[in-house]
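This report refers to the structure that appears directly beneath it.
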There are 2 protein chains.
Amino acid sequence: MSPLFMPQLDAFDRKILDILQRDNTTPQRTIGEAVNLSAPAVQRRIKRMTEEGVIRANVAIVDPAAVGQAITIFVEVEVISETAEQIEQAKREFAAAPQIQQCYYVTGEADFVLVIVVPSMAEYEALTRRLFFGNNNVKRFRTFVAMDRIKVGLGVPT
Amino acid sequence: MSPLFMPQLDAFDRKILDILQRDNTTPQRTIGEAVNLSAPAVQRRIKRMTEEGVIRANVAIVDPAAVGQAITIFVEVEVISETAEQIEQAKREFAAAPQIQQCYYVTGEADFVLVIVVPSMAEYEALTRRLFFGNNNVKRFRTFVAMDRIKVGLGVPT
DNA sequence: GGTGTTTTTGCAAGTTTGTTTCGCGGAGCT
DNA sequence: AGCTCCGCGAAACAAACTTGCAAAAACACC
């Protein structure tokens with residue numbers, strides 16, 4: 001599924017992706033009109049890009065506040081030992097926590113950057129106790145609480 | 001559209017959201033079978049949650065590498081003056097940049113946290129020149145380059 | 001520059017999916 | 001009880017997706 005060789009995308013594909021990244025419920029007929037292609041042609045391109053892994057998923061975006069998960073938090077995590085085994089272990093732990101929405105392994109002054117969504121600070125406090133204080137490979141972590149979500153998405157410019 | 005009063009969601013709604021956050025192309029009939037509801041009932045609930053703003057959008061997730069945007073970068077930005085007008089100005093600027101995928105206004109040792117997607121470090125360098133060095137209200141910024149995207153999504157636990 | 005091959009398109013039919021309508025039944029209220 | 005209000009399911013309906021096929025580009029190779 002992962003694109004080992006970079007699939008070739010033409011201008012049609014990019015326009016289609018652009019539309020689907022905004023609203024993937026757009027009818028193929030409408031997309032076709034927008035890009036000057038027939039609906040079946042659009043459908044075939046979408047199918048191909050899905051098979052190639054260009055389109056990774058089709059998902060609904062849910063307002064966290066509406067489901068009682070009102071608090072978004074950023075955390076930078078610095079580890080003590082950066083051996084391959086320790087790093088893999090950390091990756092597995094972070095990936096397994098449902099509150100962790102995003103997790104990146106980074107260069108710079110920290111080793112991991114996390115985006116966490118929780119219903120309350122109490123829950124975040126409990127999470128830090130489990131994930132950070134309870135992990136003796138975590139040297140330190142810095143917390144940033146989001147006051148405003150100015151722009152949230154996973155769209156990439158095409 | 002924004003839920004000023006919290007709409008209450010029952011167990012059916014949450015199960016439906018859970019499915020749609022994974023794959024919003026799942027047929028309503030299939031969802032109905034999974035949650036023990038008829039397809040029209042599922043359809044009405046989805047429509048209601050969309051109108052209430054619980055479901056904010058329906059989007060395709062595109063692999064950044066597949067469209068030549070292979071580099072993900074985190075940036076913490078610290079500003080000099082935190083007057084309302086200055087902050088609003090910064091928010092507008094960050095929101096307008098297509099390379100900025102996510103932007104949060106945060107408490108803590110920084111004021112903004114950005115998630116940026118670019119095709120190359122050269123492009124990132126150009127972006128920093130424009131957004132940070134070119135903005136005399138930016139005191140300092142710290143860059144974290146993602147080596148591995150361990151977990152990426154916008155799903156919230158229900 | 002022509003020719004055969006491959007690829008991709010558009011159209012039309014067939015199938016699946018989404019949507020509306022309508023009647024039914026339960027929860028809450030007087 | 002009798003009433004209304006919601007939300008449900010079954011079926012009819014409308015819209016969208018999918019597939020088969022023939023024609024038109026695009027391409028490689030003489």
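Owing to the predicted nature of the structure, the values given are computational and were not obtained by experimental measurement. Numbers restart at 1 for each chain; the letters A, B, ... are given by sequence-line order, proteins then strands.
- B:Arg45 has a side-chain polar atom (N or O) that falls below the 4.0 Å cut-off from OP1 or OP2 of D:dC8.
- In this structure, A:Ile31 atom CD1 and D:dA15 atom P are separated by 18 Å, rounded to whole Å.
- Atom-to-atom, CZ of B:Arg48 to C1' of C:dT20 comes out at 18 Å; the value is rounded to the nearest Å.
- The main-chain N or O of B:Phe132 is never found under 3.5 Å from a side-chain atom of B:Asn135 such that the two would form a donor-acceptor pair.
- Aromatic rings of B:Phe141 and B:Phe133 (six-membered ring for Trp) have centroids within the 6.0 Å cut-off, being under it.
- Rounded to an integer number of Å, the gap from CG of A:Leu37 to P of D:dA24 is 17 Å.
- Separation of the B:Phe112 and B:Phe94 ring centroids falls under the 6.0 Å cut-off.
- With 3.5 Å as the limit, one finds no donor-acceptor pair spanning the side chains of A:Gln89 and A:Glu85.
- With rounding to whole Å, A:Asn36 atom CG is found 19 Å from D:dA24 atom P.
- Here C:dA27 presents its C1' atom at 15 Å from CG of B:Asp10, a figure rounded to the nearest Å.
- Between B:Arg29 and C:dT17 there is no side-chain polar atom (N or O) within less than 4.0 angstrom of OP1 or OP2.
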Which atoms of nucleotides 18-21 of chain D (N or O only) lie under 3.5 Å from a protein N or O atom, and what are those distances?
from, atom 1, to, atom 2, distance (Å)
D:dT18, OP2, A:Gln43, OE1, 2.3

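- You'll find the side chain of B:Val152 reaches within 4.5 Å of the side chain of B:Arg149, heavy atoms only.
- For B:Phe12 and D:dG7, the CZ to P distance is 13 Å, given to the nearest whole Å.
- Ion pair B:Arg22/B:Asp18 flagged as a salt bridge, since at least one NZ, NE, NH1 or NH2 atom sits closer than 4.0 Å to an Asp/Glu carboxylate oxygen.
- Here D:dA26 presents its P atom at 16 Å from CD of A:Gln8, a figure rounded to the nearest Å.
- A:Glu33 has its CD atom 14 Å from the C1' atom of D:dA15, to the nearest Å.
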